[in-house]
Amino acid sequence: MQPSARIAAGIELLSQIEEAITSGGAPADRLVAEYFRARRYAGSKDRRAVTEAIYAILRMREQLLWALDDLKCEPTARALFILYLQREDPNQLSLFGEEDNSHAPDALSAEENGLLERASTLNWDSAPVHACENVPAWALAGFEKRFGEELPKAAAALNQTAPLDVRINRLKRPGDNLNNILKNSSELFEKHIFSNDGYRSASKVNLANEKAYQSGLIEVQDEAAQVAASLVGAQPGMQVVDLCAGAGGKSLAVAPDMENKGQIHAFDISGGRLKELRNRLQRAGCRNIQVTRLVAEGEGRATALSALEGKADRVMVDVPCSGSGTWRRSPDQRWRFDDNSLKTLNKLQGSLLREGAGLVKAGGRLIYMTCSVLPAENEDVVENFLRDMGAGWALIDYKTVWAEVLKNECPQTLALNPFCLQLAPHSHGTDGFFIAVLERAS
C-alpha cells in the first residue's frame, strides 16, 4: 500500500470504530483484525502503520473531540484523522487527493482547509482537564478521587502501549526459565516483580507459532490478573467458584495452585466465552474445572447455583466493569460508558457480590475483583456489601493474604481502604486492577 492508501484505509477503519462506539458494537481490536482479514493484500508494514495510527487517535480522542467542538467542526472519523495528522505529521496532509492514485483519500475540501487553518492557532493547553488527560468526563471524578495530584501521571500511563505478560503453567511442569521454553523467540522476557509465575516482554512477540503456547505451557495474562488469582488462596481439594468466569483466565491461573485436586466451578452467561474456556482448559491440562453456562437472571440461575450454596471454600467474583484499568489495551473502552451506564454497572456488581456470598461456606472467602480504577466500582461496592450484610463478614488485609501465597515483596496499594489492593500502570506497571478479600465468619 502507498502512504496515501494507508491514510484512506485508516479513515475507513476509524469510521467503523466510531460507529461501533456509538452503537455499542464490536471493540476496536476485533474490528481491526476483521478489517485486515478481509484485505489479505495489505502487508505487515501496512497493517502496522494503519493500526498504530488508529490507536494513536483513540488514545488522544478526548482531546481531539474537544478541539473539533471548539473549532465548530462535526466530529467525523475523517475530521478526527485530519486533525490528528495536523498535530502529529502535517506533511501527510499533502497526500489527500494525490494525483494518479485512485486509492488516495479525497482531496481536502474548502471546509477542511478552513479547519486546518483555525486549528493552527488553537491553544491546546486551554483544554479542560478531561480533554488534556484523555479521561472522559464521566470518569473524571473517579480518577480525581483515586489519584489526586498523580492524575496526570496515572492518565498518561493508561495511554501507553501495554507490554506482553505471560504466565507459566505449572501443571505442565515447564521449569522456571521462560526464555528456555520459548525456543523460537529472539525476544527476552523478564520475570515479573509481583506474580510468582509471570514474565514480561516490552516488545511485541508473536506467540501463535510458539510450541510453548500451543501446548499450554504458557498463557497470556496481565500480571495484575495473575496476582488476583494468587490472592484467591486456593489449595488442593478445595471447592472454588468462579462466578463470572468469562474465557476462564482466573480459573486457569487458580488450577495450578490446586494441583488439579478439588473442583473449580466456572460459570458465565456467555456460551462463546465458555466455549473458549473449554478449549483452553484442554490445552492447559486442567482436569478440575467444571464449566457451566448460567442464564442472566431468574429461577434458572438460582437453581443452577443452589447445589453450591454455603459450600464453597473460595468464590471469585470478577464482575463486569468499565474496564478503566485496561485502557492501555482497549483505548476505545473509555467511550462506551457514561454516568447512567456506570450506575447500572454498580447495581449489577453489588448484586453479583451478594450472590457470590451465598455460595461461601463458614470460614470461606469471597474475592471481589475488577479491572477498574474507579472507587464507585471498587471500594464503594465493598463498603455497601459490608454495611448490608452485617457482622457475618470481615474484610481481610490483602497484605496478610499476600504473605500466605506470594513470594515477592508486597506492593503499596492505591486503594482508599488500605485493606484492599488497587494496582495501576503508573505505580505498579500492571493493568489497573482492584482486589478485596472478604471472609465469612466461622
Side-chain angles (χ1 to χ4, degrees), residues 135 139 142-167 190-200 202 219-233 244 246 249-250 253-254 316-331 333-334 349 367-382 395-438:
V135 175
F143 269 65
E144 290 175 333
K145 187 175 182 180
R146 171 72 68 211
F147 300 118
E149 293 182 355
E150 288 204 329
L151 171 58
K153 186 185 297 185
L158 280 166
N159 248 358
Q160 301 299 312
T161 301
L164 172 65
D165 285 2
V166 299
R167 173 181 57 81
E190 294 184 355
K191 188 73 179 65
H192 275 167
I193 296 174
F194 303 122
S195 74
N196 288 339
D197 302 314
Y199 285 79
R200 170 170 298 169
E219 288 279 351
V220 176
Q221 189 173 45
D222 183 76
E223 183 175 15
Q226 296 182 40
V227 165
S230 293
L231 291 178
V232 171
C244 308
K250 307 296 187 310
V254 166
M316 297 182 277
V317 189
D318 187 0
V319 296
C321 70
S322 67
S324 55
T326 64
W327 286 354
R328 297 186 302 175
R329 304 174 192 281
S330 305
Q333 185 83 348
R334 68 191 79 189
Q349 290 157 352
I367 301 89
Y368 178 77
M369 313 173 189
T370 79
C371 53
S372 174
V373 298
L374 300 178
E377 300 185 88
N378 298 339
E379 293 95 332
D380 291 359
V381 174
V382 173
L395 180 63
I396 307 300
D397 191 336
Y398 79 93
K399 293 182 286 294
T400 300
V401 185
W402 188 286
E404 296 171 354
V405 298
L406 284 159
K407 304 173 184 176
N408 301 313
E409 183 178 353
C410 183
Q412 292 297 311
T413 184
L414 295 176
L416 305 177
N417 186 322
F419 277 25
C420 303
L421 177 58
Q422 176 71 66
L423 302 169
H426 76 288
S427 55
H428 303 99
T430 68
D431 281 353
F433 211 95
F434 177 85
I435 306 117
V437 181
L438 299 138

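Computed from a predicted structure; not experimentally measured.
Remark: side-chain polar atoms of Q221 are not paired, donor with acceptor, to backbone N or O of D165 under 3.5 angstrom. Side-chain atoms of D222 come within 3.5 Å of backbone N or O of D431 as a donor-acceptor pair. A donor-acceptor pair is defined here as one N or O able to donate and one able to accept, closer than 3.5 Å; such a pair exists between the side chain of H428 and the backbone of Q412.
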Please step through side-chain contact (heavy atoms from CB on, under 4.5 Å) for the pair V135 and R334, ending with a clear verdict. CA-CA 8 Å; V135 175; R334 68 191 79 189; 5.7 Å; no

Worked verdict on M316 versus V254 for side-chain contact (heavy atoms from CB on, under 4.5 Å): CA-CA 10 Å; M316 297 182 277; V254 166; 3.9 Å; yes

I would like to know whether V227 and W402 meet side-chain contact (heavy atoms from CB on, under 4.5 Å); could you show each step before the answer? CA-CA 9 Å; V227 165; W402 188 286; 3.5 Å; yes

Applying side-chain contact (heavy atoms from CB on, under 4.5 Å), run through Y368 and V382 and close with a yes or a no. CA-CA 8 Å; Y368 178 77; V382 173; 3.8 Å; yes

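Closest of all the heavy-atom pairs between S324 and F143 is CB-CE1, 4.4 Å. Residues L231 and I367 approach most closely at O-CG1, 4.3 Å, considering heavy atoms. Smallest separation of non-hydrogen atoms from T430 and R200: CA-NH2, 4.3 Å. The heavy-atom pair separating S372 from E377 by the smallest distance is OG-OE2, 2.7 Å. Closest heavy-atom contact between I193 and N408: O-CB, 3.1 Å. When all heavy atoms are compared, the tightest approach of K191 to N196 is NZ-O, 2.8 Å.
Distance NZ/K407 to OG/S195: 10.5 Å, rounded to 0.5 Å. Distance check: Q160 CD to H426 NE2 gives 13.0 Å after rounding to the nearest 0.5 Å. To the nearest 0.5 Å, atoms CG (L395) and CD (E379) are separated by 10.0 Å. In this structure, CZ in R329 is found 11.0 Å from CG in L158, a value given to the nearest 0.5 Å. The line from SG of C420 to CD1 of I396 is 11.0 Å long, rounded to the nearest 0.5 Å.
Contact check for Y398 versus C410: side-chain heavy atoms found under the 4.5 Å cut-off. Under the 4.5 Å side-chain criterion, counting only non-hydrogen atoms from C-beta, E223 is not in contact with F433. Taking 4.5 Å as the limit, some side-chain heavy atom of R328 sits within range of a side-chain heavy atom of P163. A heavy-atom distance below 4.5 Å is found between the side chains of S322 and L374. Inter-residue side-chain proximity for V232 and M369 is flagged as met; some heavy-atom pair is nearer than 4.5 Å.
Side-chain contact check for Q226 and R167: no donor-acceptor pair (N or O, by modelled atom type) lies under 3.5 Å. Under 3.5 Å, the side chains of T326 and Q333 contain no donor-acceptor pair of N or O atoms.
When the shell of 6.0 Å around CZ of F419 is examined, it contains 12 or fewer heavy atoms from other residues, nucleotides or ligands. In E404, the CD atom is crowded: over 12 heavy atoms of neighbouring residues, nucleotides or ligands sit closer than 6.0 Å.
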